[in-house]
A.B. asks: 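Have a look at this one.
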Amino acid sequence: MDVVTPRVFDNQYFRNLQAGMGLLASDQLLYTDTRSRPIVDALARSSVAFERAFVEAITKMGRIGVKTGAQGNIRRNCAVLN
């Protein structure tokens, strides 16, 4: 989602949003919405903050339990329960 440094894992995505270069309207909204703009600014300003936020998010996602068998539901259509 970053046309400036597509092969580098960095915070350029957030700097792109500041420059009005979000690829999707939903991405660009992160910067135009006053509620999320401070987060975009912080992550664009500091690669260290970006890396820490990424590690925290990935760690949390790793703790999500996978539901299997009767507990889970793999949807054929995401909008409809099977």
A.B. asks: Which value, rounded to the nearest 0.5 Å, describes the distance between I58 atom CD1 and M61 atom CE?
C.D. replies: 6.0 Å
A.B. asks: Just to verify, what does D33 make a side-chain hydrogen bond (donor to acceptor under 3.5 Å, both in side chains) with, not counting sequence neighbours?
C.D. replies: R35
A.B. asks: For S47, give me all partners under side-chain hydrogen bond (donor to acceptor under 3.5 Å, both in side chains), at least two apart in sequence or on another chain.
C.D. replies: none
A.B. asks: Provide the closest heavy-atom pair for A49 versus A42 in the form atom of the first, atom of the second, distance.
C.D. replies: CB-O, 4.2 Å
A.B. asks: Please confirm whether the backbone N or O of G22 pairs with a side-chain atom of N16, one donor and one acceptor, at under 3.5 Å?
C.D. replies: no
A.B. asks: In chain order, what residues pass the side-chain hydrogen bond (donor to acceptor under 3.5 Å, both in side chains) check against Q18, with sequence neighbours excluded?
C.D. replies: D41
A.B. asks: Return each pair, listed once, that meets salt bridge (charged side-chain N to carboxylate O under 4.0 Å, His left out) where at least one residue sits in residues 51-60; pairs must be two or more places apart or across chains.
C.D. replies: E56-K60
A.B. asks: Taking only residues two or more places apart in sequence, or in another chain, which ones meet F9 in a ring pair (Phe, Tyr, Trp, His ring centres under 6.0 Å)?
C.D. replies: F50, F54
A.B. asks: Quick one: list whatever passes salt bridge (Lys or Arg N to Asp or Glu O under 4.0 Å) with K67, sequence neighbours left out.
C.D. replies: none
A.B. asks: Which residue pairs pass the salt bridge (charged side-chain N to carboxylate O under 4.0 Å, His left out) test with at least one member in residues 11-31, sequence neighbours excluded?
C.D. replies: none
A.B. asks: Using the side chain to side chain contact (heavy atoms under 4.5 Å, CB included) criterion, which residues pair with V8? Sequence neighbours excluded.
C.D. replies: T5, D10
A.B. asks: Quick one: ring pair (Phe, Tyr, Trp, His ring centres under 6.0 Å) pairs with a partner in residues 19-42, sequence neighbours left out?
C.D. replies: none
A.B. asks: Can you measure from CG (L24) to CG (L29) and round to the nearest 0.5 angstrom?
C.D. replies: 11.5 Å
A.B. asks: Quick one: list whatever passes side chain to side chain contact (heavy atoms under 4.5 Å, CB included) with I39, sequence neighbours left out.
C.D. replies: L43
A.B. asks: Under 3.5 Å, is there a donor-acceptor pair between the side chain of Q28 and the main chain of L17?
C.D. replies: yes
A.B. asks: Do you know which two heavy atoms are closest between L30 and S36, and how far apart they sit?
C.D. replies: O-OG, 2.6 Å
A.B. asks: Going by the rule side chain to side chain contact (heavy atoms under 4.5 Å, CB included), which residues pair with V66 if we only count those two or more places apart in sequence or in a different chain?
C.D. replies: T68
A.B. asks: With sequence neighbours excluded, what pairs up with T59 under the side chain to side chain contact (heavy atoms under 4.5 Å, CB included) test?
C.D. replies: V55, R63
